[in-house]
Amino acid sequence: MSGLGKGVVTSSLLKMLDFYDYKALPIKFDGYLNYDCGTMNPYRHGEVFVLDDKSEVDMDFGIYERFSNLNLTGDLSITGGKLFGSVISKERRGEYLGEDVQIIPHLTNEAISMIENVEKKRKPDVIIIEVGGTVGDIENSYFIEAVRQLALKHPTLFINLTYAPSLEVVGEQKTKPAQVGYRLLLQAGIRPDFVICRSRDPLNGKARSKLAMFANISEDKVIDDSDTDTIYELPLHFMQQNFDKKLLKALGFSKRLNRRKYNSWKSSVGRIKNPKNSVDIGILGKYTDLKDSYASVKEALVHAGASLDTGVKIHWIESSDLERESSKNQFEGLNGILVPGGFGNRGTEGMIRGIEQARENQIPYLGLCLGMQLMAVEYARNVANLNGANSTEFDPKTKYDIIHLLLSQKGIESKGGTMRLGLWKCRLSNNSRSRTLYGSNIASERHRHRYEFNNKYRKKLEAKGLLVAGTTLDGKLVEFIEWKDSFGIATQSHPELRSRLEVPAPLFKGFIEAALSYKRSQRKISA
Ligand code: GLN
């Protein structure tokens, strides 16, 4: 079922193979009939993840990249919508002339050929296919059939991720749901080679032997996936059970462990678990009820923290709560404030007030996409005295349209895949903090937006002290802005989408460094 952590398991398999210098690629199958995730509500489905190539994909791709440090591509995301769409357009072109078009073989063959195309183009050593959903669902049934057939043509291992709930009353790990699952799986013609079992507590002997028996495998092929302190620990947890060696043997692989990669991962995990320092960061958002909608931001903070031996404690602040008048500093005890991306009017006035308080109290501030647009609006209103300044997304009639629709967006009505998306290069100015943090005057980051900074106000805000720290290469679009008096950086891009445990995003690292020194300076004041 969803929520078990299939994404983290897939990513841990990718990472284990990477520790042995094998090139593994993930493919994700999602049963829904949306073409991609671009039009889904983050409140229901979690964050929409964007790849370099402009694809808007399931948030699991974020987990894959954060573990594997690969830049993935949209062809690795196979949705029900893509499959049906492709079969139907082939039918219209007459590619199946004379035939009745059916789920088997047409749809299943389409799935198999999409997988084979990835193999042909990229030549990985292994492809790890994550089948979303639950065995027995209608949504993924044709995909389970496709992978069964795939195994007839290509060397294939099946790994089943199951779940053993612990019942408080009897204090026992139950395998009944898993047993029912195996009945369905075996009926579909698939026998697992390995079983990975999610559970709260370590898997006990009785549960293990039941799982093995019902799944038709030996007990040493049952792998424990009980709760770890951090998701990044899972590859190590698997390796403690020799899952790496068992997997390599099953694949017929013989390379040796790359100790350097393995040790560096292990020490990052150690710093996440037992950091020397800590900072408190407030995230002002409107989806704070569902933390999954900010998954990448959360993880980028973990990565930056791990690289600085600092634990980052996140305080979720519902921005609409800040809309009420208050003269006191509502960020007492926080060492940094972050405004992430977002769409729609709700909560934006609270975010603007929050940014104002951060600026006035010199609390480090990081703004991402919407967080940059509102940083510009706040500056316009409160420093440049452009009263009522706003983005036309929130106030179409505003007198000062500091943020307005991108020229390239005018006239676009269709909603799927039409924003300014994907990787764009940006030139950073020499005197900026951003330039120092990136260690280069070019930053390449991913984007997902329809609105932009209105150049009509650029001179005016610059004259009032706002630093335009980066623009697109042609100089036309403002991409980074900064405050000069204290640490405040915001970007139109989403640097959180390119942050990995092994390569933290430069702006996040700078932000956590600033939060640490802000914390020290506050301590001195109170001492
Ligand atoms: N809503 C804003 C826009 O479309 C910001 C988007 C975002 O934060 N991803 O430009």
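Because the structure is a prediction, the values reported are computed rather than measured.
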Residue list, ring-ring contact (aromatic ring centres under 6.0 Å, His included) with Phe453, at least two apart or on another chain: none
Go through the structure and list residues passing ring-ring contact (aromatic ring centres under 6.0 Å, His included) with Tyr262, not counting sequence neighbours. Phe19
Parallel, tilted or perpendicular: rings of Tyr22 and Phe253 (30°, 60°): parallel
Which word best sums up how the rings of His447 and Trp424 line up, parallel for under 30°, tilted for 30 to 60°, or perpendicular for over 60°? perpendicular
Looking at Lys261, is its backbone amide N or carbonyl O close enough to the side chain of Asn258 to form a donor-acceptor pair, meaning the two atoms are under 3.5 Å apart? yes
Do any side-chain atoms of residues 364-373 form donor-acceptor pairs under 3.5 angstrom with protein atoms, and if so which ones, sequence neighbours left out?
| unit_1 | atom_1 | unit_2 | atom_2 | d |
| --- | --- | --- | --- | --- |
| Tyr365 | OH | Gly371 | O | 2.7 |
| Gln373 | NE2 | Tyr451 | O | 3.3 |
| Gln373 | NE2 | Gln492 | OE1 | 3.3 |

Between [Y] and [X], is there a salt bridge with N-O shorter than 4.0 Å?
X	Y	answer
Asp52	Arg498	yes
Glu496	Arg66	no
Glu502	Arg260	no

Is Ile128 close to Tyr64 at the side-chain level, that is, under 4.5 Å between some pair of heavy atoms? no
Heavy-atom nearest pair, Leu248 first then Tyr20, reads CD2-CD2, 3.4 Å
Go through the steps to decide whether His449 and Leu406 satisfy the test side chain to side chain contact (heavy atoms under 4.5 Å, CB included), and finish with yes or no. CA-CA 9 Å; His449 64 121; Leu406 280 156; 3.9 Å; yes
